[in-house]
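This report refers to the structure that appears directly beneath it.
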Amino acid sequence: MKTRLLDSLKNHGYILGVALKQSKLYFCIFFVTILIANAKDIALVVAPKYIFDAMQFGGSFRAILLPVLIYLALYLGLHGILHGLTYGKKVLEMKLKVRLNVKLGEKFMRTDYSFLEEHTAVDMFERAKTAISGGISDLQTIGVIEEQGISGYFEQLYRLIKDIVLLFGMLYVFRYMEWTTLVLVLVCIALNTLFSMIQMRAKVAVRDKAAPAHARRRYCNRLLRTFEYGKEFRVFGMNKLVVSKWQECTDEFLSVRDYYQKRCWFASILFFVVNNGMRFFVLVSLIYKLRDGAISVGDFTMIFAAILTFSDTAQDLLQAIQALNIFSGFMTDYRKCMQLPEGETVSGKETRDDREELGDGAYEIEFKDVWYRYNGTVEDTYALKNINVVLRPGEKISVVGFNGAGKTTFIKLLLGLYEPTRGEILINGKNIKDYSADSLRRYMSAVFQDYKIFAMSVEENITLGADGAEQCLAESMERAGIRERVERLPKKEKAVIGGFFEEGDLLLSGGESQKIAMARSFFRKTPVIALDEPTSALDVVSEDKMYKSVMEQVKGETILFISHRLASARFCDRILVFDSGEITEEGSHAELLAKKGCYNEMWNVQAEKFNGRGAYEEI
């Protein structure tokens with residue numbers, strides 16, 4: 001319990017510190033709004049006393065009218081000011097939400113890539129985004145939160161502070177009350193607090209025990225409504241299966257919810273009886289006192305209004321505390337994300353600001369006894385082992401091997417996305433970690449097998465916002481074999497891909513999308529280019545043309561082709577054969593065929609698929 005309380009306090013302190021740093025004006029408006037709101041509520045309780053007392057004790061019309069006018073002016077003025085402050089607070093909350101989201105996005109981009117490949121890390125960032133932007137389901141918030149995200153957090157904090165101040169403000173009125181009445185009110189509030197806690201525990205139980213069924217129910221619902229699953233549903237007739245699973249999960253969810261809702265209902269009845277019974281008793285008591293002349297009409301209205309306000313505020317305060325506790329749990333993820341080490345510090349090393357800039361020249365890259373093990377794997381399980389290889393400037397290298405052999409891991413190490421578990425990667429004799437990440441990105445580019453195409457124009461998809469001459473864009477498309485297709489479009493390179501934002505624009509096949517991704521890499525004109533499965537979506541004829549086009553337009557770059565299909569191998573200066581995380585063979589196409597090893601076996605198997613004669617070159 002102490003740990004939970006300590007974590008909660010840390011979360012509150014952290015998010016308040018971050019928000020204060022982002023917008024000091026917001027906090028000024030925040031606290032002024034609390035003061036104005038409480039002044040308005042206290043005026044509603046106290047001011048009528050003086051009006052009714054003036055009427056009861058025979059004051060002149062002017063003596064009665066003046067308090068009424070003062071009260072109305074005060075109430076309307078405070079209400080108007082409060083409305084303006086609330087609007088300003090909401091605007092600043094929205095800006096604060098945007099800033100915190102931007103900071104979270106920047107943190108995501110700076111966090112070590114290998115760490116982000118873990119499913120738990122991505123989930124943590126997603127929950128952190130939810131903590132700021134909202135999107136929390138009713139099941140998670142257990143029905144006590146109206147607004148969500150950072151706006152909801154400050155709404156609950158606003159309620160908490162406002163209610164505390166208002167409760168202390170009501171103490172002024174209690175001097176007019178008998179101690180027996182005051183004790184009764186406090187006992188009823190305590191009982192209602194107990195009933196509220198019973199309700200809360202029942203709702204928490206629904207959240208915890210029904211959550212698995214609710215998650216499966218939402219998944220089935222998404223399956224039924226998502227286009228990407230449409231083909232499987234129609235071809236295999238999955239409707240009955242998914243609907244039956246959805247119904248099963250719904251029944252389980254409702255059975256759990258209904259069981260605990262009975263407890264909530266019982267606690268609600270008790271809450272209603274106690275709360276309204278207390279109010280009725282106080283009202284009758286005040287009526288008797290008024291009849292006997294013990295209190296004035298003004299005292300009657302003020303005391304009764306104060307009791308109503310006090311009991312309602314106490315319940316609202318409890319709900320605010322409970323809601324803040326829920327928000328605190330979500331803020332844990334945001335705090336953890338923002339405190340993650342960046343880049344090299346993930347492996348325990350200090351990030352340095354004095355790293356060198358890597359120029360545009362031709363450099364030799366050496367893998368020196370490099371081993372790599374993924375996070376969370378068994379200690380002696382390495383994806384790459386004992387990699388020793390030199391990549392010379394201008395070389396065309398084919399990296400081949402079976403699935404899981406370590407080819408893509410090798411490329412990610414080369415690009416600086418991963419750090420070696422053991423060994424080092426050298427560029428012209430210096431460790432790759434001695435160079436800044438930005439200069440490494442300018443020196444190397446890649447097309448990965450899981451490349452992404454954005455709902456932007458062809459030009460934007462290739463240039464990615466970088467400045468470049470039209471000639472450079474045209475050359476990149478020509479080299480990737482997509483220029484002719486783009487030139488036939490009415491809008492040419494301005495055509496928007498995907499049709500998400502404009503009707504009638506470009507819809508690409510898998511092969512065409514892959515060519516756009518390749519043109520993107522060629523546009524950057526980096527000295528080193530890695531193409532990971534660059535032709536997986538192309539037919540064999542297009543694949544052959546693409547390789548020939550790339551080779552014909554080579555401008556001194558070091559190019560690495562990573563592929564299961566070996567068509568690129570015959571065009572390359574050198575071939576690296578990966579097997580079980582190691583380089584088992586190295587040499588030219590002819591040399592490796594002559595060795596009659598793993599490469600020769602792969603080559604002959606693929607060649608036979610095309611012509612049955614074992615001659616891939618004859619395709």
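Computed from heavy atoms alone, side chains included, the values below leave out hydrogens, waters and symmetry copies.
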Could you tell me whether a side-chain N or O of Thr558 sits under 3.5 Å from a main-chain N or O of Gly394, the two making a donor and an acceptor? yes
I'd like to know whether NZ of Lys430 has more than 12 heavy-atom contacts from other residues, nucleotides or ligands below 6.0 angstrom. no
Can you tell if the side chain of Ile425 reaches within under 4.5 Å of the side chain of Pro420, non-hydrogen atoms only? yes
So CD1 of Ile482 and CE of Met477: to nearest 0.5 Å the spacing works out to 9.0 Å
Going from OH on Tyr14 to OG1 on Thr332, what distance comes out if it is rounded to the nearest 0.5 angstrom? 11.5 Å
What distance do Ile365 atom CD1 and Met444 atom CE have between them, rounded to the nearest 0.5 Å? 4.0 Å
Aromatic contact between Phe410 and Phe367, with the criterion being ring centroids under 6.0 Å apart: yes or no? yes
Lys107 atom NZ, neighbour heavy-atom count above 12 within 6.0 Å: yes
From Gln339 CD over to Tyr334 OH, what is the distance, rounded to the nearest 0.5 angstrom? 11.0 Å
Polar contact flag, side-chain donor to acceptor under 3.5 angstrom, Tyr374-Thr409: yes
After noting the C-alpha distance and the side-chain angles of Ile387 and Leu384, does the key distance pass the side-chain contact (heavy atoms from CB on, under 4.5 Å) rule? CA-CA 7 Å; Ile387 302 298; Leu384 288 180; 4.1 Å; yes
Rounded to the nearest 0.5 Å, how far apart are CG of Leu241 and SG of Cys220? 8.5 Å
Do Leu100 and Val18 have side-chain heavy atoms sitting under 4.5 Å apart? yes
Look at the side chain of Tyr363 and the backbone N and O of Arg392, then say whether any donor-acceptor pair between them is shorter than 3.5 Å. no
Under a 4.0 Å N-O cut-off, is there an ion pair linking Lys494 with Glu459? yes
Side-chain donor/acceptor of Arg99 to backbone N/O of Gln22, under 3.5 Å: yes
Leu414/Leu391 under side-chain contact (heavy atoms from CB on, under 4.5 Å): CA gap, chis, key distance, verdict: CA-CA 10 Å; Leu414 171 66; Leu391 311 178; 4.1 Å; yes
Verdict with supporting geometry, Asn101 and Ser133, side chain to side chain donor-acceptor pair (under 3.5 Å): CA-CA 8 Å; Asn101 263 316; Ser133 300; 2.6 Å; yes
Take a 6.0 Å sphere around NZ of Lys129 and say whether it holds more than 12 heavy atoms from other residues, nucleotides or ligands. no
For a salt bridge (charged side-chain N to carboxylate O under 4.0 Å, His left out) with Arg485, tell me which candidate from Glu493, Glu478, Glu512 qualifies. Glu512
Does the distance from a Lys or Arg side-chain N to an Asp or Glu carboxylate O, for Glu601 and Lys595, drop under 4.0 Å? no
Short question: side chain of Arg524, backbone of Arg441 - any donor-acceptor pair under 3.5 Å? yes
So, the side chain of Asp573 versus the backbone of Glu395: is there a donor-acceptor pair under 3.5 Å, distance only? no
Could you tell me whether a side-chain N or O of Asn461 sits under 3.5 Å from a main-chain N or O of Phe454, the two making a donor and an acceptor? yes
Run the numbers on Asp333 and Thr130 for side-chain contact (heavy atoms from CB on, under 4.5 Å), then give the verdict. CA-CA 9 Å; Asp333 293 304; Thr130 299; over 6 Å; no
Between Arg488 and Glu484, is the closest basic N to carboxylate O distance under 4.0 Å? yes
Could you label the plane-to-plane angle of the Tyr26 and Phe154 rings as parallel, tilted or perpendicular, counting under 30° as parallel and over 60° as perpendicular? perpendicular
Step through the shown structure and confirm whether more than 12 heavy atoms of other residues, nucleotides or ligands are within 6.0 Å of NZ on Lys103. no
Run Ile575 and Ile397 through side-chain contact (heavy atoms from CB on, under 4.5 Å) and show every step you take. CA-CA 6 Å; Ile575 301 166; Ile397 299 173; over 6 Å; no
Is a side-chain donor or acceptor of Lys407 paired with a backbone partner of Val400 at a separation under 3.5 angstrom? no
NZ/NE/NH1/NH2 to OD/OE distance under 4.0 Å, Lys90 and Glu155: yes
Salt bridge present between Glu93 and Lys89 (N-O < 4.0 angstrom): yes
Taking every heavy atom of Cys472 against every heavy atom of Lys525, the minimum-distance pair comes out as SG-CE, 3.4 Å
Just checking Tyr382 against Tyr372, ring centres under 6.0 Å apart? no
Indicate whether the side chain of Asn428 and that of Glu364 have a donor and an acceptor atom separated by less than 3.5 Å. no
Please determine if Arg479 and Glu557 form a salt bridge, counting it only when a charged side-chain N lies under 4.0 Å from a carboxylate O. yes
Nearest heavy-atom contact between Ile150 and Lys97 is CG2-CB, 3.7 Å
Could you tell me the separation between the CH2 atom of Trp371 and the CG atom of Asn386, rounded to the nearest 0.5 Å? 5.5 Å
